[in-house]
Amino acid sequence: MQDSELQHLRRCIELAQQALEAGDEPFGSVLVGATGTILAEARNEVGGGDNTRHPEFELARWAAEHMSAEERAAATVFTSGEHCPMCSAAHGWVGLGRIVYICSARQLLAWHQDMGLAPPPVNMLSIQDIAPNVAVEGPVDVLVGEVEALHRRRHGA
Ligand SMILES: [Zn+2]
């Protein structure tokens, strides 16, 4: 993992923290172009009642609107938590490139179970199960603890 990539992941954590402080779920993501420039950022915004307002979905739509197919394929999405199936599908449908996530869906589920939360209404299949052609990297062990702390704060555990 390069320093610049860790920086993008740290930005994802900042966005997740902002989401938490705004009453949303602590998830944040950044879309980085082939040259390493941050093109767009998003954070979870489900607090208003729309549970599809995930940052990775938002970035997929942004990419479809603002980037060519070639630019999308060469881009990377950095994110605090592994894409859920909805976001993996959106990522795959718009032809975005690599994904780097800090914590896996499996880790998140384990934390939720540990906190006694009900299972999610969607099966948390891995990114590769949904979008097999996407290059995926994660978990990023050095940052997992920070993300876990945000999720435990969200649920008061
Ligand atoms: Zn999602």
Side-chain angles (χ1 to χ4, degrees), residues 5 8-33 38-67 71-73 75-115 117-141 143-155 157:
E5 298 192 316
H8 293 317
L9 291 171
R10 288 194 186 286
R11 180 60 187 151
C12 294
I13 293 177
E14 280 176 14
L15 291 162
Q17 192 159 358
Q18 286 172 18
L20 179 66
E21 281 157 13
D24 300 300
E25 296 285 336
F27 295 95
S29 313
V30 298
L31 173 62
V32 175
I38 294 181
L39 301 174
E41 301 181 334
R43 65 167 183 79
N44 178 285
E45 295 190 40
V46 302
D50 179 354
N51 284 329
T52 69
R53 298 289 298 277
H54 297 184
E56 303 92 337
F57 198 6
E58 182 77 22
L59 291 182
R61 284 190 163 142
W62 188 94
E65 221 172 296
H66 296 95
M67 300 168 78
E71 288 168 337
R72 291 197 296 272
T76 301
V77 171
F78 293 85
T79 190
S80 63
E82 182 177 3
H83 287 43
C84 76
M86 172 184 74
C87 296
S88 297
H91 188 101
W93 279 122
V94 306
L96 275 164
R98 175 170 165 253
I99 291 172
V100 183
Y101 64 76
I102 297 174
C103 76
S104 69
R106 189 173 293 187
Q107 288 173 314
L108 182 68
L109 275 178
W111 302 334
H112 280 187
Q113 273 174 5
D114 185 50
M115 290 185 277
L117 301 178
V122 171
N123 280 331
M124 287 293 139
L125 301 175
S126 73
I127 296 166
Q128 289 96 335
D129 284 332
I130 305 290
N133 298 328
V134 176
V136 179
E137 197 173 332
V140 178
D141 295 338
L143 297 175
V144 165
E146 287 180 50
V147 172
E148 180 178 2
L150 292 177
H151 285 279
R152 290 194 181 272
R153 254 175 68 198
R154 172 75 176 97
H155 299 286

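Indexing begins at 1, ligand by ligand and atom by atom, following the structure's order. We're numbering straight along the sequence, starting at 1. Bear in mind that the values here come from a model prediction, so they are computed numbers and not experimental data.
A salt bridge links R10 with E146: the closest approach of a Lys/Arg side-chain nitrogen to an acidic carboxylate oxygen falls below 4.0 angstrom.
In this structure, H91 and H83 have perpendicular ring planes: the angle between them is above 60°, well past the 30° mark.
Taking the six-membered ring for Trp, H155 and H112 have ring centres closer than 6.0 Å.
Under a cut-off of 6.0 angstrom, the local environment of CG in D50 is crowded, with over 12 non-hydrogen atoms contributed by other residues, nucleotides or ligands.
Within the protein, the N, O or S atoms lying under 2.8 Å from the Zn ion (ligand 1) are H54 ND1, C84 SG, C87 SG.
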Less than 3.5 Å apart, which donor and acceptor atoms pair up between the side chains of residues 127-141 and the rest of the protein, not counting sequence neighbours?
| from | atom 1 | to | atom 2 | distance (Å) |
| --- | --- | --- | --- | --- |
| D129 | OD2 | S126 | N | 3.3 |
| D129 | OD2 | S126 | OG | 3.2 |
| E137 | OE1 | R98 | NH2 | 2.7 |

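For the pair R53 and F57, the cation does not sit on the ring face, since its NZ or CZ is not both under 6.0 Å from the ring centre and inside 45° of the axis.
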